[in-house]
2 protein chains.
Amino acid sequence: MKLSKTSEYALRILIYMAKVPDQLYTAKQLVKELKVSDKYLRRLMTDLSKSGFIRSIQGRDGGYTFIKSPEDILLYDIIDSVEGMEKMNGCLLGFEKCSCTNPCAMHYLWVDIRTDLNKVFRETRLSDMDFNKILRY
Amino acid sequence: MKLSKTSEYALRILIYMAKVPDQLYTAKQLVKELKVSDKYLRRLMTDLSKSGFIRSIQGRDGGYTFIKSPEDILLYDIIDSVEGMEKMNGCLLGFEKCSCTNPCAMHYLWVDIRTDLNKVFRETRLSDMDFNKILRY
DNA sequence: TTATAATACTACCTATGAGTAGTATATATG
DNA sequence: CATATATACTACTCATAGGTAGTATTATAA
C-alpha cells in the first residue's frame, strides 16, 4: 500500500526539476541531488522522455528539460505512466467483479477513500508543489 | 499503490469467516469458496494462527476458527500483521527524513489522505462488515 | 576531425512476493 | 491400532521490480 520506488523517483525528479523548469538537467546532477542510483535514473529518464514529460538532448552539453509545462502535468499523469493508476482503482479485496452494483463488503468504505486519493493526484499539478519544502534526500 | 495479494487474501478469508464466526472452517472449504490457491492459503492460515486471530485444530475434523472475537479485530491489525502498516505511513516521495518539522513538497497533502486511510482501517472491525455484500470470488 | 561528455540500449544480476510439491505430524473414529 | 482426513513444515519454482555493467550512439567544441 504505497507507491512503487520508481514512482517515488519519478515524482522526486520531476518535482525537483519543476522548481526551475526552464533549466537543462544532466543525469549526473540529478543523481547527485536526489540519490537515485545512476543507471536506474537514466533508464527512468528515458521512459519519462518517451512519455512526453521531458525531452532528452544527447551529446556533449546534453541533458533533460521539460517539453510539457509543469502546469500541464498532473501527479496522476506521472504515476499513471510509471506504474499504472488502474492498480489503485481495483477492489480492495481483489474481487474482479466488485462494483457499485455488485459491491464487496468493503466497497463503499474503500470507494470513498479511493476517490479522495484520486482527487489529490488528479488535481495537483507539478507547478502546485511547495518548492520551499525539502526536494532532495 | 494497493494492498499485497496476501493482504487481500487475509481480508477475504477473515471477513468470510466472520459472517458465521463460531464455525470451524477447513482449508478445503475456504479454498473452494474464495478461490485462493490451496497451498498458499494453508500457509497464510498458519501465519494468521501465529498472529493470534484464529487457531488451528489439526487432525481429522480439524480446521480453523476464531480465537479472537471479530469485534476485537481491526482491519488495521490484519493488514499490519500480513504486510506491515509502516509501509503505508512513510513519505510519498520516499524521503527518509520527511516529517512535519521537515516536510517534503507533498507532505501535508499526503498526510491528510494517509490519516483518512489509517482511520478507515483503524476504526473498522471485522464485525462491522456488511455481510450481505459479496464475500466470495 | 578528433576528443570529450552527454544519453540510449542490451543484457544481465538480485531480492522478493506469489505459488507449488512432497513429506511429516496430529487426531477422531471404526 | 489402523486408517482417513485434517494441518505444518521444508524446500523448491516462477514472475517481476529494482539495480548494474558494458557498449553504442550522439553532438559540441577545440
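Labels below follow one simple rule: chain letters A, B, ... track the order of the sequence lines, proteins then strands, and each chain is numbered from 1. Source: prediction; values computed, not measured. Only heavy atoms go into these numbers, but all of them, side chains included; no hydrogens, no water, no symmetry mates.
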| said: Looking at A:R43 and A:D47, is any side-chain nitrogen of the basic one under 4.0 Å from a carboxylate oxygen of the acidic one? | reply: no

Under 4.0 angstrom between [X] side-chain N/O and [N] OP1 or OP2:
X	N	value
B:Y64	D:dA6	no
A:S56	C:dA8	yes
B:K5	D:dA15	no

Would you mind reading off the distance between [X] atom [atom1] and [N] atom [atom2], rounded to a whole angstrom?
X	N	atom1	atom2	value
A:D61	D:dT25	CG	P	22 Å
A:K28	C:dT7	NZ	P	10 Å
B:E8	C:dG17	CD	C1'	13 Å
B:R60	C:dA28	CZ	P	10 Å
B:M1	D:dA17	CE	C1'	16 Å
A:E83	D:dG18	CD	C1'	13 Å
B:Y9	C:dA18	OH	C1'	7 Å
A:L24	C:dA5	CG	P	16 Å

| task | For DNA chain D, find the residues of residues 84-98 of chain A with a heavy-atom distance under 4.0 Å and give them by number; none if there aren't any. | result | none

| Residue met sooner reading DNA chain D from 5', once A:G59 and B:S49 are mapped to nucleotides | B:S49

| remark: Among C:dT25, D:dG19, C:dT29, the one nearest any side-chain atom of B:Q58 is C:dT25

| query | Taking the side chain of B:K50 as its heavy atoms from C-beta onward, which of D:dC9, D:dG19, D:dA29 lies nearest to it? | reply | D:dC9

| message | Any base atoms under 4.0 Å from B:T6, or only sugar-phosphate, or nothing? Heavy atoms, all strands. | response | sugar-phosphate

Within a strict 4.5 Å, meaning less than it, do heavy atoms of the [X] and [Y] side chains meet?
X	Y	value
A:M85	A:F121	yes
A:I78	A:L126	yes
A:K2	A:E8	yes
A:Q29	A:Y16	yes

| request: Following the transitive rule for hydrophobic clusters with a side-chain heavy-atom cut-off under 4.5 Å over Ile, Leu, Val, Met, Phe, Trp and Tyr, establish whether A:V20 and A:L11 coincide in one cluster. | output: yes

| Residues touching DNA chain C, which here means a heavy atom under 4.0 Å, drawn from residues 32-48 of chain B | B:S37, B:K39, B:Y40, B:R43

| Would you say A:S51's side chain and A:F53's backbone share a donor-acceptor pair under 3.5 angstrom? | no

Reported [atom1]-to-[atom2] distance for the pair [X] and [Y], which is rounded to 0.5 angstrom:
X	Y	atom1	atom2	answer
A:E123	A:L75	CD	CG	11.0 Å
B:I54	B:L24	CD1	CG	10.5 Å
A:L14	A:L44	CG	CG	8.0 Å

| Earlier contact from the 5' end, DNA chain C, for A:Y25 and B:S7 | A:Y25

